[in-house]
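See structure below.
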Amino acid sequence: MSSRDRVLGRVRRALAGLPAEPEPYEEAVPRAYLRQHGERSPEGTVDLLAENLADYRARVHRCTPGELPAVLAELLAARGARTVLVPPGLDPGWLAASDAERIPDRAESTPAELDRIDSVVTGCAVAVAETGTLVLDGSADQGRRRITLVPDHHVCVVRVPDQVVASVPLALGRLDPARPLTWISGPSATSDIELDRVEGVHGPRTLEVVLVGERA
Amino acid sequence: MSGTFVGMPAFPEAARAAVADERLRGNLKHATHTIRAKRAAAVAEVSDWAELREAGRRIKDHTLRHLDHYLLRLEESVTAAGGTVHWAADAAEANRIVTGLVKATGESEVVKVKSMATQEIGLNEALEAEGIRAYETDLAELIVQLGHDRPSHILVPAIHRNRGEIRDVFRSEMKEWGRPAPEGLTDSPAELAEAARLHLREKFLRAKVGISGANFMVAETGTLVVVESEGNGRMCLTLPETLISVVGIEKTIPTWRDLEVFLQTLPRSSTAERMNPYTSLWTGTTDGDGPRAFHLVLLDNGRTDTLADDVGRQALRCIRCSACLNVCPVYERAGGHAYGSVYPGPIGAILSPQLRGTASEIDASLPYASSLCGACYEVCPVAIDIPEVLVHLRERVAQGGPATRAGNKVVLRPAKGHAAERAAMRATRWAFGRPGVLRTGQRLAARTRWLHPRTLPGPGRAWSATRDLPPVPAEPFRDWWERTNGGRDDGAAPQDREETK
Ligand code: SF4
């Protein structure tokens, strides 16, 4: 007998004594919890996102679309970034004002090569206000999962208010499970040593978020 | 489960040693109290906690009730997404599968994300026996591995170590495994974390095989989910060419939408955060992004035996948040090692004896490693009635009875030579001899649900074997215990005694 049959057989025997289908899935699981916590205007939701991102020690900046290139140039310069990783679909205008050398996200580049790059700039798929979370789904403006992991400085651009949702349930509804997803809430952190929080064990130690919208 | 803990003394002896260790107790107390307070605040932030908890409980119960269906569905979706599914009936088989997969890649080292399932089966030891080195990459697991130690907490496995000890371990051991600790390393957490970063980075960058567990597997879509903080998980899940995930069959949930419940309850219950820093979700393989080969090993190893038990089955709802450890007065004093398994604390006390059976002294004593105060049930985000299962397992240890082992129905005898019962009695005496352990238990009288055991533990058994306990006791359990000398005198409660047989 294959182990597959053995395990499935054990499962079926374990369940054999129970009454047949008690209720269909839809009725078995009450969804009495909230779709989101509290009512807010779109601007209020963006403010909450900014607040929660900052609470988890991301650095939050806000600007209009016109100001974005200057803001990004300034952030990279302040960091002293000489090289910046660029996902294939990133709007070229975003980095137009920066002197940092652009390194394309290429399938062939080795992790060791990525490790030598100073910063990475990406867009995002959706941001969750209640939890202060950015979700990347590997779209062309976000690139492969590893490019937001290996460099020590990640700048993520969020278009507000259209990329922002209030809650986790609303975010899941917007995402495609077939894509590889990375949810990011603040920079990499550990509390393994006497529960003292330390930023950046393996992922980027600095996470900067630029909220771009008409309201400056 | 693994041989890691073979030879462990039963809980009372192990706990006695731990209780005598002042530094351990200090570290533990600080940690559990800190997390406990933070968790309460994180939970208070969401107004619908009770509804989320109920939904989580129902999703898990429903999945377990139809586990065959959902496992098949999962297998289908993972395969359709480019993954390969393997089934492992027990630890030895899982280890064989993983070892074979690693060998097929031609590699002799792997990087690992922290995973309870791979600890449970003793995967690192099995790989080592075949000449494959497994590097733990979670900071706490690294501390444990370098220190030739055992994990003592689900969430913070090195909770029993303080910063000075960690520095000493790093200084003396890192060089044996790769990049040595930096010169003049101090005990500041930031410096220690930096040393770990440098040490592990060289491993991440060259690793060709990654091994992980998963927090959830979505049957509908074939998606696996890993929740973490440090980014070591992301490293292991995305940099290697081959990814092998070993996951208990109970981690299955039916639909994508179900994640909306657990991604709200797990972080808050676990690290007391609104959301943990990183969550990775992947479905099979993706061209050009992440591993080219993905293997999922579905692990039974006692889970179907647990599923067969009407009362004990609920332990399979556990999402390993560790909240129950941090509120447990017994865990706080005894520490995780005393439980003799990778699952410490209240959940360990009910899970280990079910996964492994109660034949050994340590497993027979575990259901007694509790004051039945009920705090674990209150914090559990999937509402596992741990006290109920504890009482049920005590009954099994003391009286024997029907159970399922390795898929077969068996009738357990009251442990041979009464060794288990003696172990159990010692555990009971240990807990009840400590007022602090029992203090929380004072609430027993007011909240009576745990006082519905069908039988009493240890010595009270003789009395309760033939009658049910009164539904609402007329006096606190502890008073009863003291008044009756732990049940050695006639243990009848003063009134309301119901004769049922
Ligand atoms: S039993 Fe409940 S509280 Fe304990 S670890 Fe599991 S889910 Fe968390």
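The analysis underlying the following values was restricted to heavy atoms, covering all of them including side chains, and did not include hydrogens, waters or symmetry mates. Order of the sequence lines sets the chain letters (A, B, ...), proteins ahead of strands, with each chain counted from 1.
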query = Between A:H202 and B:F204, what is the ring plane arrangement, given parallel below 30°, perpendicular above 60°, and tilted in between?
reply = perpendicular

message = Side chains of A:W183 and B:L263, heavy atoms from C-beta outward: is any pair under 4.5 Å?
response = yes

query = Which bit of A:V135 comes within less than 4.5 Å of chain B, counting heavy atoms only: side chain, backbone, both or neither?
reply = neither

task = Please flag which part of A:D5 lies under 4.5 Å from any non-hydrogen atom of chain B: side chain, backbone, both or neither.
result = neither

inquiry  = Quick one, A:L175 and B:W256 - any side-chain contact, counting heavy atoms below 4.5 Å?
reply    = yes

inquiry  = Testing the 3.5 Å rule here: is there a donor-acceptor pair between the side chains of A:S185 and B:Y278?
reply    = no

task = Mind listing the closest non-hydrogen atom pair of B:L259 and A:L172 along with its distance?
result = C-CD1, 3.7 Å

inquiry  = Side chains of B:N232 and A:V201, heavy atoms from C-beta outward: is any pair under 4.5 Å?
reply    = no

query = What part of A:R197 is in contact with chain B, defined as an atom under 4.5 angstrom from a non-hydrogen atom: side chain, backbone, both or neither?
reply = side chain

ask   = With no hydrogens and no angle check, do the side chains of A:R145 and B:T286 hold a donor and an acceptor under 3.5 Å apart?
value = no

inquiry  = Would the distance check show the side chain of B:D68 and the main-chain N or O of A:L8 forming a donor-acceptor pair, the cut-off being under 3.5 Å?
reply    = no

Heavy-atom closest contact (B:R58 atom, A:A28 atom, distance) = NE-O, 3.0 Å

key: Interchain contact, A:R31 with chain B, by part (heavy-atom threshold 4.5 Å)   = side chain

task = Would you confirm whether A:R146, through its side chain, and B:T238, through its main-chain N or O, come within 3.5 Å as a donor-acceptor pair?
result = no

ask   = Under 3.5 Å, side chain of A:E194 to main-chain N/O of B:R163, donor-acceptor pair present?
value = yes

request  = Please answer whether the main-chain N or O of B:T304 pairs with a side-chain N or O of A:R10 as donor and acceptor at a distance below 3.5 Å.
outcome  = no

Segment of B:E45 engaging chain A (4.5 angstrom heavy-atom cut-off) = neither

message = Are A:L34 and B:S47 packed together at the side-chain level, in the sense that at least one heavy-atom pair is separated by less than 4.5 angstrom?
response = yes

query = Considering only heavy atoms, which portion of B:L200 lies under 4.5 Å from any heavy atom of chain A: side chain, backbone, both, or neither?
reply = side chain

inquiry  = So for B:L64, is it side chain, backbone, both, or neither that comes closer than 4.5 Å to the heavy atoms of chain A?
reply    = backbone

ask   = Quick one: what part of B:F262 sits under 4.5 Å from any heavy atom of chain A, side chain, backbone, both or neither?
value = neither

Contact origin within B:A81 toward chain A - heavy atom pairs under 4.5 Å = neither

ask   = Heavy-atom distance under 4.5 Å to chain B: side chain of A:T133, backbone, both or neither?
value = side chain

inquiry  = Per the salt bridge (Lys or Arg N to Asp or Glu O under 4.0 Å) rule, what does the pair list look like for residues 218-231 of chain B, sequence neighbours excluded?
reply    = none

inquiry  = Please find the pair of heavy atoms, one from A:N52 and one from B:R274, that lie closest to each other, and give the distance.
reply    = OD1-NH1, 3.2 Å

query = For A:P187, is it the side chain, the backbone, both or neither that has a heavy atom under 4.5 Å from a heavy atom of chain B?
reply = backbone

message = When you measure from the side chain of B:S229 to the backbone of A:T190, do you find a donor-acceptor pair of N or O atoms at a distance under 3.5 Å?
response = no

ask   = Which pair of non-hydrogen atoms, one from A:R35 and one from B:E260, has the smallest distance, and what is that distance?
value = NH1-OE2, 3.0 Å

query = Side chain, backbone, both or neither: which part of B:A50 has a non-hydrogen atom closer than 4.5 Å to chain A?
reply = neither

key: Residues in salt bridge (charged side-chain N to carboxylate O under 4.0 Å, His left out) contact with A:D152, at least two apart in sequence or another chain   = A:R79, A:R205, B:R197

key: Test item: side-chain donor near acceptor, A:Y56 and B:N276, under 3.5 Å   = no

remark   = Separation between CG (B:L281) and OG1 (A:T182), nearest 0.5 Å, reads 8.0 Å

message = For B:V46, which atoms come within 4.5 Å of any heavy atom of chain A: side chain, backbone, both, or neither?
response = both

note = Turns out that what part of B:T306 lies under 4.5 Å from chain A's heavy atoms comes down to neither

remark   = Turns out that what part of B:D300 lies under 4.5 Å from chain A's heavy atoms comes down to side chain

inquiry  = For a quick test of reading the model, state the closest non-hydrogen atom pair linking B:R65 to A:L15 and the distance between them.
reply    = O-CD1, 3.3 Å

query = With a 3.5 Å cut-off and no angle check, do the side chains of A:Y33 and B:Q264 form a donor-acceptor pair?
reply = no

query = Side chain, backbone, both or neither: which part of A:L114 has a non-hydrogen atom closer than 4.5 Å to chain B?
reply = neither

inquiry  = Tell me whether A:R4 is salt-bridged to B:E75, with the criterion being a basic N under 4.0 Å from an acidic carboxylate O.
reply    = yes

query = What part of B:R53 is in contact with chain A, defined as an atom under 4.5 angstrom from a non-hydrogen atom: side chain, backbone, both or neither?
reply = neither

task = Answer with side chain, backbone, both or neither: which region of B:P254 has an atom nearer than 4.5 Å to a non-hydrogen atom of chain A?
result = side chain

ask   = Distance from B:M275 atom CE to A:L134 atom CG, nearest 0.5 Å?
value = 11.0 Å

key: Side chain proximity check, A:I193 to B:L139, heavy atoms < 4.5 angstrom   = yes

task = Identify the two heavy atoms, one from B:A193 and one from A:V198, that lie closest to each other, and give their separation to 0.1 Å.
result = CB-CG1, 3.7 Å

task = Decide yes or no for B:D310 and A:L18: does some side-chain heavy atom of the first lie under 4.5 Å from some side-chain heavy atom of the second?
result = yes

